[in-house]
Structures are given as structure tokens and as C-alpha cells.
Amino acid sequence: MRTCFSRDARAEAIPLVPLTPDTLASWLEAHPPRVRAWVEANGFKGKPNSLCTLPDEHGRIQGVLVGLDTEAPVWSVAGAARKLCPGTYRLDTAQDAAWLTQACIGWGLGAYRFERYKPTEKPAPVLQLPEAVDADEVLRVVDATALVRDLVNTPAQDMMPEHLAEAARMLADAHDAQFATVEGDALLDENYPCIHAVGRASSHAPRKVELNWGDDRHPRITLVGKGVCFDSGGLDIKPSNGMRQMKKDMGGAAHVLGLAQMIMAAKLPVRLRVLIGAVENAISGDAFRPGDVLTSRKGLSIEIENTDAEGRLVLCDLLTEACEAEHKPDLLVDYATLTGAARVAVGTEIAATFTDDAELYRELEEAASRLGDPVWRLPLHKPYRSGLDSSVADIANCSSGPYGGAITAALFLQEFVDPQVPWVHFDIMAFNTRSRPGRPKGGEAMGLRAMFEVIRARFGG
């Protein structure tokens with residue numbers, strides 16, 4: 001991703017001028033009649049994400065006008081990164097450093113390409129980073145988002161539990177973090193029975209992945225991610241259209257790795273712990289069944305109502321471990337592509353968010369609004385907990401009814417979280433179903449930039 005930026009302020013660069021319909025008129029008044037005529041002839045009105053290339057007398061590009069997207073600074077010129085011809089560009093605007101930083105982040109997000117299987121030979125346009133911009137911040141966000149997108153976009157054949165574990169190991173090595181895994185039947189010996197149950201039917205052994213970084217004296221941040229590398233639905237098998245994009249069901253794990261990368265790259269004074277349950281929910285003679293009763297790490301018995309509600313089973317052992325006395329965190333965050341119900345509630349482009357901590361959510365919502373990284377809080381409505389009642393076990397893994405599925409899933413997870421631990425749960429799509437400026441179709445990081453801002457504000461020192 002770094003190839004879409006230049007730090008060389010001495011290099012000749014083409015001015016990129018962001019304009020709205022309101023500011024276009026004053027800009028035109030300050031330029032010669034031939035420029036005004038050219039802009040009008042090209043029908044440029046300053047509408048968001050529109051472009052108008054300005055030629056010099058020799059036909060070379062001397063500037064580019066871009067319609068400013070005012071939804072959020074981060075999307076201001078994001079669309080230009082995919083539309084412009086190869087070359088080096090610079091932002092020509094009087095906006096402040098904070099705006100410029102966000103615009104540069106958007107450029108990097110817009111320049112993203114997933115080229116593992118279909119590389120392109122066309123060079124990407126390059127943006128010259130302004131001196132006022134925090135270049136490290138820009139690269140940190142863009143690189144972490146690219147990591148999330150790459151992991152989610154990679155098909156299951158190349159992103160099974162062992163590959164996901166290897167991605168975590170590479171991240172740990174890059175930041176001198178400690179890395180460990182528990183694999184296969186050893187999960188039973190180490191008391192991760194639910195992770196084992198979900199993943200045991202696959203020829204790709206399930207595993208618990210852990211990364212630790214930072215000073216033990218610093219505040220503890222624990223990130224938990226759902227890493228279902230492919231979800232057939234198990235014996236409650238999904239229809240083909242429901243299975244098509246299930247390579248993305250490890251999106252929660254991708255998110256916690258991306259967030260961990262941001263935290264470590266920023267060298268925040270925290271004790272970071274990452275826990276991932278990496279499994280394939282496959283079908284074989286050893287698959288767990290509807291009606292089975294599992295005993296979780298916490299000791300709660302769980303009746304399996306539906307094998308396609310497997311992500312919460314992967315998470316429950318990890319949330320329990322995260323809250324155990326010797327590791328109890330000052331903040332616990334989990335990400336999971338958990339329910340279709342969350343998509344029904346908030347659509348595919350907003351991160352459904354659950355927390356009982358009103359102040360934590362206030363901070364998250366403020367950051368999300370400022371950064372163009374939308375979240376929306378859904379209630380942990382306790383009366384819906386009755387939908388998880390079981391006549392043969394302490395709890396069912398999902399409700400048998402069709403309503404409030406995202407809420408009952410979050411309530412299931414809450415059973416395994418210490419009530420004294422500040423906790424936020426993200427139920428995310430992790431995938432763009434359409435292309436927008438800065439947000440190409442495919443794997444996506446959701447709530448990542450906002451959550452990082454909250455962590456930095458709370459624990460950044």
C-alpha cells in the first residue's frame with residue numbers, strides 16, 4: 001500500500017484541487033476565461049467524486065479538480081485514487097492538518113487492490129504526503145486496513161486455520177510479540193472444548209491462536225476474534241447462496257489482527273493480548289450435531305440448537321479465558337461476523353455494536369462519526385435472554401425463534417464475560433457488497449479506526 005504515497009516533497013507533482021459546488025464558483029473566478037470554459041465544457045460541477053483534468057498548452061495535465069465528498073474528510077478524495085492516470089499528485093487546499101491526514105488515509109484506502117490472483121500491470125497514481133500530515137498515522141491506518149482486507153479476500157483454500165495462524169505469527173514476528181497456538185485434540189487437554197467441537201470435522205485442524213505484546217505493568221487490552229475460515233453451516237447446512245461468501249467468516253479474526261497491528265505500530269503503552277479461534281465449520285462423520293450438549297471452558301453446558309450458530313461457540317471459550325483472574329483486561333473487545341440479523345438491523349455498511357458501558361460507547365460513537373467509520377449500538381435487552389433457555393442444558397447456542405437474532409447472540413456471549421470488565425462486541429459484515437470511494441467491493445475493516453481511536457485516547461499515555 002505504501003506505493004500509493006510519496007514522501008518526497010521536492011518532486012514535481014500535479015495539483016489536486018478538492019472543490020464543492022459552492023467553492024467551485026469562486027475558484028473559477030480566480031482563473032482565466034479559457035480555464036472556466038474548459039471546466040464548463042467538461043460539465044464539471046463539483047459533485048462528489050467527479051473529476052476534471054486541466055491541460056496545459058502542450059496537452060499535459062497541469063491540474064485536476066475533484067468534487068469533494070463532504071460525508072467525512074476521509075472520503076474527500078478517496079475516489080480519485082482509482083480514477084486518476086498514473087503520476088504523482090499533491091493536495092492543493094487550505095484545509096488543516098487533521099483534514100489532510102484523513103484525506104490521505106482515504107486516498108490509501110481507495111488505492112487498495114487485491115492482486116494475489118489477478119495482478120494488474122497498470123501503475124497506481126501516487127499522492128505526495130503534505131508536510132503537515134502525520135505520515136506514520138496515515139501508513140499505520142492504511143496498512144492495517146489492507147491487512148484486514150487481504151485476509152478476508154483470500155479464498156478458503158489459502159486461508160484455513162493453519163494459514164490464519166501463520167498470518168498471526170508473521171504479525172507477531174514483525175513487532176517482537178509472543179506467539180502461541182494450541183492445535184487439534186490438544187484443545188481438549190487445554191480446555192477449549194467448544195472451539196474443538198466446531199472445528200473437529202475438518203481436515204484442517206482447529207486451533208486457538210494467541211499473541212501477546214507490551215509491558216505487564218501497562219493497562220491490559222484483550223482482543224478476541226472469530227476465525228471461522230469457512231462456514232458450511234455444519235449439519236444445518238447453508239444453501240449455496242448463503243455459503244458463497246463464507247470465506248469472509250474469519251473477518252473477526254482479521255479485524256483483531258488489524259487492530260493489533262495498529263496498536264503495536266503506534267507503540268501504545270498497553271499490554272496487548274489477542275485471542276483467535278481458528279476453525280473450519282465442515283461436515284463429516286465427526287461433525288457436531290443439533291441437539292448435542294457441549295460443556296464450555298466456563299463450565300456452562302450448551303445445547304446445540306443449530307450448528308450454523310457456531311461462531312459464538314468459538315468465541316465463548318476465548319471470552320472466558322480473557323476474563324480469568326490472572327489475565328483480566330481493562331478493556332475487552334471482540335469482533336465477529338456473527339449474525340445475519342445484524343445485517344437486517346443496520347445493513348451491511350454499519351458495524352452493529354453492543355456494550356453496557358455507556359461512556360465507552362459515547363467515545364466510540366464520537367470517533368466513528370469523526371472518522372467516517374460508522375457504528376450503531378444495539379441493546380443487550382435482558383428479557384430476550386429467555387430465548388436461549390434450554391430444558392437440558394444451562395443455555396442454548398441460539399434461539400429457535402426468528403426475531404432479535406443479533407441481540408440474543410450478543411446475550412449468549414455476555415454469559416461468558418465478567419460483568420466487571422468493560423466489553424464491546426462488534427457484529428460485522430466485514431465485506432463491501434458494492435464499491436464506493438475508498439471502499440472497494442470485497443473484504444472491509446469496520447469499526448477498526450474508531451476502536452483504535454478510543455484505545456489511544458484511553459490508554460495512549
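This structure is a prediction, so every number in the text was calculated from the model and none was measured.
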Using a strict threshold of under 4.0 Å (side-chain N to carboxylate O), is an ion pair present between Arg370 and Glu366?
yes
Neighbour count above 12 (heavy atom, 6.0 Å) for Trp27 CH2
yes
Cut-off 3.5 Å, side chains only: do Asp249 and Thr337 have a donor facing an acceptor?
yes
Looking only at atom types and distance, does a side-chain atom of Trp107 sit under 3.5 Å from a main-chain N or O of Cys4, one as donor and one as acceptor?
yes
Does the side chain to side chain contact (heavy atoms under 4.5 Å, CB included) test come out yes or no for Lys328 and Val421, once each step is laid out?
CA-CA 7 Å; Lys328 192 173 294 186; Val421 172; 3.5 Å; yes
Between Glu137 and Arg456, is a salt bridge (charged side-chain N to carboxylate O under 4.0 Å, His left out) present by the stated rule, with each step listed?
CA-CA 12 Å; Glu137 171 81 356; Arg456 178 161 59 179; 2.9 Å; yes
Report the residue from Val148, Thr145, Leu171, Leu448 that forms a side chain to side chain contact (heavy atoms under 4.5 Å, CB included) with Gln261.
Leu171
Students often mix this up, so state it plainly: with edges at 30° and 60°, are the rings of Phe426 and Tyr335 parallel, tilted or perpendicular?
parallel
Report the distance from atom CZ of Arg207 to atom CD of Glu183, rounding to the nearest 0.5 Å.
4.0 Å
Verify side chain to side chain contact (heavy atoms under 4.5 Å, CB included) between Arg312 and Leu315, making sure each step is shown before the conclusion.
CA-CA 5 Å; Arg312 64 202 71 184; Leu315 293 174; 5.5 Å; no
Over 60° means perpendicular and under 30° means parallel, so tell me whether Phe412 and Phe416 are parallel, tilted or perpendicular.
tilted
Have Asn397 and Glu310 got a donor and an acceptor in their side chains that come within less than 3.5 Å?
no
Pair Glu29 + Arg36: basic N to acidic O under 4.0 Å:
no
Of all heavy-atom pairs between Pro219 and Pro269, which one has the smallest distance, and what is that distance?
CD-O, 3.5 Å
Hey, is the main chain of Ala201 close enough, under 3.5 Å, to the side chain of Asn281 for a donor-acceptor pair?
no
A cation-pi test, strictly: NZ or CZ of Arg149 under 6.0 Å from the centre of the six-membered ring of Tyr112 and no more than 45 degrees from its axis. Yes or no?
yes
Do side-chain atoms of Asn432 reach the backbone of Glu444 as a donor and acceptor pair under 3.5 angstrom?
no
Is atom CH2 of Trp99 surrounded by more than 12 heavy atoms (other residues, nucleotides or ligands) closer than 6.0 Å?
yes
Short side-chain to backbone donor-acceptor contact, Asp134 and Asp136, under 3.5 Å
yes
Pairing donors with acceptors under 3.5 angstrom, does anything connect the side chains of Thr20 and Thr23?
yes
Does the Asn153 side chain pair with the main chain of Gly442, one donor and one acceptor, at a distance under 3.5 Å?
no
Please determine whether salt bridge (charged side-chain N to carboxylate O under 4.0 Å, His left out) holds for the pair Lys226 and Asp334, giving the CA-CA distance in whole Å, both sets of side-chain angles, and the decisive distance to 0.1 Å.
CA-CA 8 Å; Lys226 172 188 170 184; Asp334 81 72; over 6 Å; no
Geometric cation-pi criterion Arg439 and Trp75, 6.0 Å radius, 45° cone:
yes
Which heavy atom in Thr93 sits nearest to a heavy atom in Pro18, and how many Å separate them?
CB-CD, 4.0 Å
Going through the distances and angles, do Glu359 and Arg458 end up as a salt bridge (charged side-chain N to carboxylate O under 4.0 Å, His left out)?
CA-CA 11 Å; Glu359 177 58 22; Arg458 285 196 166 201; 5.5 Å; no
Report the C-alpha separation of Asp215 and Arg271 in whole Å, then their side-chain angles, then the decisive distance to 0.1 Å, and conclude whether the salt bridge (charged side-chain N to carboxylate O under 4.0 Å, His left out) test is met.
CA-CA 5 Å; Asp215 193 322; Arg271 178 58 170 168; over 6 Å; no
Say whether His204 and Glu162, considering side chains only, have a donor N or O and an acceptor N or O under 3.5 Å apart.
yes
Checking side-chain polar atoms at under 3.5 Å, does Glu40 have a donor or acceptor matched by the opposite partner on Asn42?
no
Does a side-chain N-to-carboxylate-O contact under 4.0 Å join Glu131 and Arg7?
no
Looking only at non-hydrogen atoms, find the nearest pair between Ile283 and Ser232 and report the distance.
CG1-OG, 3.7 Å
Determine the sole option in Leu380, Asp427, Leu338 for which the side chain to side chain contact (heavy atoms under 4.5 Å, CB included) test with Leu413 is passed.
Leu338
Other residues, nucleotides, ligands: >12 heavy atoms within 6.0 Å of Tyr117 OH:
yes
